[in-house]
Amino acid sequence: MNTQEFVKKYGISRKNTDSVKWDGMAKSFDGRNDLIPMWVADADFRCPDAVVQAVEQFAALGVYGYTLAPQTYKQAFIEWEKTRHHFECKEEWIRFVPGVVSGLYIVIKALTNPGDAVIIQTPVYYPFSDSVKNTHRKLITSELVDNHGRYEMNLGDFEQKIIENDVKLYILCSPHNPVARVWTEQELIKVFDICQKHGVIIVADEIHQDLIFGDNQQTTAPIVASGKYIDQIVMLTAASKTFNIAGLQNSFLVTASIELGEKLDAELKYDALVWGNPFGYRAAEAAYRHGHEWLDAFLKVIAENYQSLKKILSQNDLIHVYPLEGTYLCWVDLRDCVPMDDIHNVVQDIAGIAVDYGEWFGDCGKGFIRINLATVPERVQDVGNRLLNAVKQR
Ligand SMILES: Cc1ncc(COP(=O)(O)O)c(C=O)c1O
């Protein structure tokens with residue numbers, strides 16, 4: 001399927017569908033519900049037909065009592081991981097969590113104690129810091145560094161903070177939202193070595209693991225260095241970003257460690273998170289089994305959207321667009337062309353766009369914006385032109 005066919009077949013208007021992105025923006029954008037929504041990370045495309053059929057088939061049963069996960073559901077995930085990520089995941093390593101964020105809370109509560117230090121690398125998806133603070137752990141941040149327009153981890157700072165604060169847990173974002181980096185295996189080996197040396201458990205949020213562009217290669221955390229660190233890793237992932245089914249609340253918590261697994265099971269039981277929603281199980285299974293072609297076309301649309309946004313915005317050399325290695329979230333630096341305090345005015349009031357503001361991801365994100373590219377190409381071009389003109393006009 002080429003990109004035009006994909007957009008024509010799957011592109012959909014989500015206004016007035018109770019979409020958080022389209023119908024729920026007023027709270028985050030000064031009461032405005034009329035902006036072009038390029039914020040929340042989901043897509044303006046219908047999911048693969050096989051997913052719709054699986055949901056319809058289950059709906060037609062008309063019986064929605066407590067339901068086991070289908071036998072074949074974990075198998076579909078295992079096959080997906082093997083085919084797409086060369087990860088040979090065993091069935092007993094997999095646990096159900098509704099969302100990756102709820103999974104993060106489970107992991108923090110199961111594997112650390114109140115007051116323990118947890119490290120994250122900012123700017124990063126803001127529920128990371130919320131999950132640490134809301135569970136009464138100590139939040140430690142190590143800022144990523146911009147090396148000539150590409151973010152890298154600051155390993156010296158990371159290790160020093162681990163030592164100084166006796167850090168117990170590290171939350172890795174891989175690929176990294178919002179800076180769109182796909183970490184190389186070499187980078188992961190270095191950061192995991194530090195964690196191993198200091199006994200720090202690694203939680204890898206890989207919700208964006210299937211959204212990879214160009215020559216970049218996702219190395220899923222459990223297989224880094226041929227599985228050298230697997231016993232100190234918990235991976236969280238889902239079909240939700242990949243196939244636009246986040247509303248169905250179905251995610252995977254994976255660990256090969258028996259010791260960590262037992263602690264996680266106890267916490268899941270305590271939080272009464274044992275059964276998933278049967279619609280979610282069926283949707284995820286159908287997506288993993290039959291979604292390859294859909295995903296390949298979706299990725300091409302995102303790649304083209306990125307190129308067209310970059311082309312438009314690069315007409316102004318003071319707007320810096322970061323490389324999109326992974327995720328469908330484009331990180332843009334406006335610091336050279338808009339004073340920090342004027343960014344909301346330029347983006348929201350002049351351009352009429354709703355984006356994620358950089359400061360939401362940590363103080364070091366101030367002056368940046370994150371634009372969601374998972375929408376139809378005309379909208380991306382419109383947004384690019386609006387932003388370019390708004391910067392010129394101010
Ligand atoms: C890195 C990352 N983790 C988790 C989530 C949300 O996961 P969930 O909806 O499964 O809680 C997002 C959504 O944008 C994300 O970017």
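The basis for the numbers below is simple: all heavy atoms, side chains too, and nothing from hydrogens, waters or symmetry mates. Every number for a ligand or one of its atoms is a count from 1 in the order of the listing.
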Does [X] have its ring centroid less than 6.0 Å away from the ring centroid of [Y]?
X	Y	answer
Tyr306	Tyr328	no
Phe96	Phe252	no
Trp294	Phe6	yes
Tyr357	Trp360	yes

Q | Polar contact flag for Val100 and ligand 1 (N/O pairs, less than 3.5 Å) | A | yes
Q. Looking only at non-hydrogen atoms, which of Asn177, Val97, Leu236 approaches atom 16 (O) of ligand 1 most closely?
A. Asn177
(Q) Is Cys173 close enough to touch ligand 1? Criterion: a residue heavy atom under 4.0 Å from a ligand atom. (A) yes
Q: Pull out every atom of ligand 1 sitting under 4.0 Å from any heavy atom of Ala41, numbered as shown with elements.
A: 14 (O)
(Q) Quick check on contacts: which atoms of ligand 1 are under 4.0 angstrom from a heavy atom of Gly99? (A) 10 (O), 11 (O)
Check whether the side chains of [X] and [Y] place a donor and an acceptor atom closer than 3.5 Å, and report yes or no.
X	Y	result
Thr3	Glu304	yes
Tyr10	Asp44	no
Ser142	Asp157	yes

Among all protein heavy atoms, pick out the one at the shortest distance from [atom]; state its residue, atom name and that distance to 0.1 Å.
atom	result
atom 4 (C) of ligand 1	Tyr125 CE2, 3.3 Å
atom 1 (C) of ligand 1	Asp205 OD2, 3.3 Å
atom 14 (O) of ligand 1	Lys241 NZ, 2.9 Å
atom 7 (O) of ligand 1	Ile207 CD1, 3.3 Å
atom 11 (O) of ligand 1	Val101 N, 3.0 Å

Q.
With a heavy-atom distance limit of 4.0 Å, tell me whether Gln249 approaches ligand 1 through its side chain, its backbone, both, or neither.
A. neither
Q. Do any non-hydrogen protein atoms sit less than 4.0 Å from atom 9 (O) of ligand 1?
A. no
Q | The single option from Phe368, Trp331, Tyr125 passing ring pair (Phe, Tyr, Trp, His ring centres under 6.0 Å) against Phe361 | A | Trp331
